[in-house]
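What follows is a set of notes on a single structure, which appears directly below.
Along the sequence shown, residues are numbered consecutively beginning with 1.
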Amino acid sequence: MISSPQNEYYPDSVSAPGETLSETLSSLGMSQTELARRMGRPVKTINEIIQGKAAITAETALQLEQVLRIPASFWLKREQQYQESLARLAERQRFTFWTEWLKTFPVREMIRRGWLPSCNDKTQQVFEVLKFFGVASPEAWEEVWERQVIKYRKSTTIGNLGAVTTWLRQGEIQAQEVETKPYSADAFRNALNYIRPLTVKPVKIFQEELVRLCAEAGVAVVFVPELPGTGICGATRWLMPTKALVQLSLHYKTDDQLWFTFFHEAGHILLHGKRQVFLDSEIDPQSGEEAENQANISLTGKLSDF
C-alpha cells in the first residue's frame, strides 16, 4: 500500500475495469457478442477491454451507459483508478532503486521536526522526501536543488549538501504561508527604519513585528533552526519577482548576531538583482566578495542611500 501524510489510501493494485464489465454481463446473462452488437463495436474490442488490453474511452463509456444503464462516469472512474494504480506500482518499483539516495538527507531530524511523516517502508520514505522537495525524482532534485546550491557557493562555503537543501526547502515552505504585498524597495527601506528600534526588544516582541513589517513591503521573513552540518546564519533569494525571502537559522549566540545577519540579508535585497541568491554562514565584515561587502556596508550606511 502507498499512502500520503493526509491518510489517502492507495491500494497496491486495482482490478482492470474489464473485470467489472465481465461481472456485469454475467449478472445480466449477456454475452460479449451481444454487447458488441448492441454497441456497434467489434467483438474483439469488447474482449480486449475485458482482458485489460484496451482502455475504456469516453465514447465507450457513453455506449456502455446506453446499453447497460450504468453511468459513463462510473466506467471512466474505474478506468482512471486502474491507470493510476498501474502508474503508482511502476513508480514504486523505481523508488526501490532510490533508497540509497535517502542517505543524502537528515531524514530522522526531518521526521523529528515534523517536516516528514515517518515511514517503515523505505520506498515510501523516498516518496515523502521527493514530495517534500516538490520534485518527481532524484535526478530532478539534482537539477533543481543542487544547481541552486551551486549558485549559493558563489557567495559562501556551505556544509552538507543534503542538509543545506533541506533547510532551504523548509524555508520556502514556511514562506508560502507568509502573505506579503508586492515588493516595493521604497516600502522595504521604510520598514527597515521602523525595524531598527526593535533591535533592543526581547525576541518575543520583535520576531512577530519583524515579520509583519517586512511582509508589508513584499519580503517574507522566516525562522528555520539550523540543521546539523550546515552552519548557516541566513539566506536571501527571490521566490517570485514580487516576493523576496529572508531566511534566518537562529544560528546565533546573541540577538546582536541575529540582527547583524538580518540587516546583511536586507542589504542583498536592496542592492542586488532578483536572480541572485545568497547563502551566508559566518558573515565576514571583509569577506573579499564584492556583493557581501556591499551588504555589510549597508549595515552602517544610511538606508536612503540604497
Side-chain angles (χ1 to χ4, degrees), residues 1-15 77 80-153 158-179 220-232 234-235 237-240 243 245 247-251 277 279:
M1 182 195 76
I2 299 177
S3 60
S4 77
Q6 288 75 33
N7 296 319
E8 294 175 289
Y9 174 81
Y10 300 113
D12 289 329
S13 64
V14 173
S15 62
K77 186 175 182 179
Q80 179 187 6
Q81 290 174 332
Y82 178 60
Q83 295 300 330
E84 182 180 349
S85 177
L86 292 179
R88 287 188 180 278
L89 287 173
E91 185 179 63
R92 186 179 179 85
Q93 289 180 337
R94 290 198 302 274
F95 285 175
T96 61
F97 297 103
W98 296 341
T99 54
E100 284 296 307
W101 176 72
L102 288 175
K103 295 179 181 179
T104 306
F105 309 99
V107 173
R108 290 185 179 178
E109 182 64 18
M110 294 166 74
I111 293 171
R112 188 187 71 81
R113 296 188 183 191
W115 300 352
L116 281 181
S118 179
C119 305
N120 294 326
D121 185 349
K122 284 190 176 182
T123 58
Q124 175 65 18
Q125 199 70 72
V126 171
F127 175 84
E128 297 298 345
V129 171
L130 289 171
K131 182 184 288 188
F132 172 82
F133 281 104
V135 295
S137 68
E139 291 81 8
W141 174 83
E142 291 177 3
E143 180 70 19
V144 174
W145 290 97
E146 190 168 350
R147 278 194 175 192
Q148 188 172 150
V149 171
I150 288 173
K151 291 180 182 179
Y152 281 117
R153 280 178 171 154
I158 65 166
N160 178 273
L161 180 64
V164 170
T165 55
T166 298
W167 184 79
L168 291 172
R169 173 56 174 164
Q170 181 60 26
E172 285 190 357
I173 292 172
Q174 291 181 205
Q176 290 170 0
E177 301 299 319
V178 180
E179 294 186 9
V221 176
V222 298
F223 296 84
V224 182
E226 73 161 323
L227 287 167
T230 58
I232 298 173
R237 59 200 187 278
W238 290 83
L239 301 179
M240 59 184 72
K243 185 174 183 178
L245 167 60
Q247 185 170 340
L248 303 172
S249 73
L250 303 178
H251 177 67
V277 288
L279 179 63

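When side chains are defined from C-beta on, Glu128 counts as touching Lys131, because their heavy atoms get closer than 4.5 Å. Contact check for Thr166 versus Phe132: side-chain heavy atoms found under the 4.5 Å cut-off. By the 4.5 Å heavy-atom criterion applied to side chains, Val178 and Val221 are not counted as neighbours.
Thr123 places no side-chain N or O within donor-acceptor distance of the main-chain N or O of Arg92, the cut-off being under 3.5 Å. Side-chain atoms of Gln247 come within 3.5 Å of backbone N or O of Trp167 as a donor-acceptor pair. One N or O on the side chain of Gln125 and one on the backbone of Pro117 form a donor-acceptor pair closer than 3.5 Å. Judged purely by atom type and a 3.5 angstrom limit, Thr165 uses its side chain to pair as donor or acceptor with the backbone of Leu161.
Ring planes of Trp141 and Phe105: perpendicular class, angle over 60° (limits at 30 and 60°). Between Phe95 and Trp98, the two ring planes are tilted [angle within 30° to 60°].
Closest approach of Thr99 and Lys122 over heavy atoms only: CG2-CB, 3.7 Å. Val129 and Leu116 get closest at one heavy-atom pair: CG2-CD1, 3.7 Å. Nearest heavy atoms, Gly171 versus Val222: O-CG2, 3.9 Å. Contact detail for Leu227 and Glu109: the closest heavy-atom pair is CD2-CG, 3.6 Å. Scanning both residues, Ser137 and Leu130, for their nearest heavy atoms gives C-CD2, 3.5 Å. When every heavy atom of Leu245 is checked against every heavy atom of Ala175, the shortest pair comes out as CD1-CB, 3.8 Å.
Around the CD atom of Glu179, the shell of radius 6.0 Å holds no more than 12 heavy atoms that belong to other residues, nucleotides or ligands.
To the nearest 0.5 Å, the span separating CD on Glu84 from CD on Glu91 amounts to 10.0 Å. Atoms CD1 and OG, on Ile232 and Ser249 in that order, are 7.0 Å from each other to the nearest 0.5 Å. Going from atom CG of Leu86 over to atom CZ of Arg88 covers 12.0 Å, rounded to the nearest 0.5 Å.
Sorted by first and then second residue, the pairs that involve residues 93-107 and meet salt bridge (charged side-chain N to carboxylate O under 4.0 Å, His left out), not counting sequence neighbours, are Glu100-Lys103.
Qualifying side-chain hydrogen bond (donor to acceptor under 3.5 Å, both in side chains) partners for Glu172, counting only residues two or more places apart in sequence or in other chains: Arg169. In this structure, Trp115 has no ring-ring contact (aromatic ring centres under 6.0 Å, His included) partners at least two apart in sequence or on a different chain.
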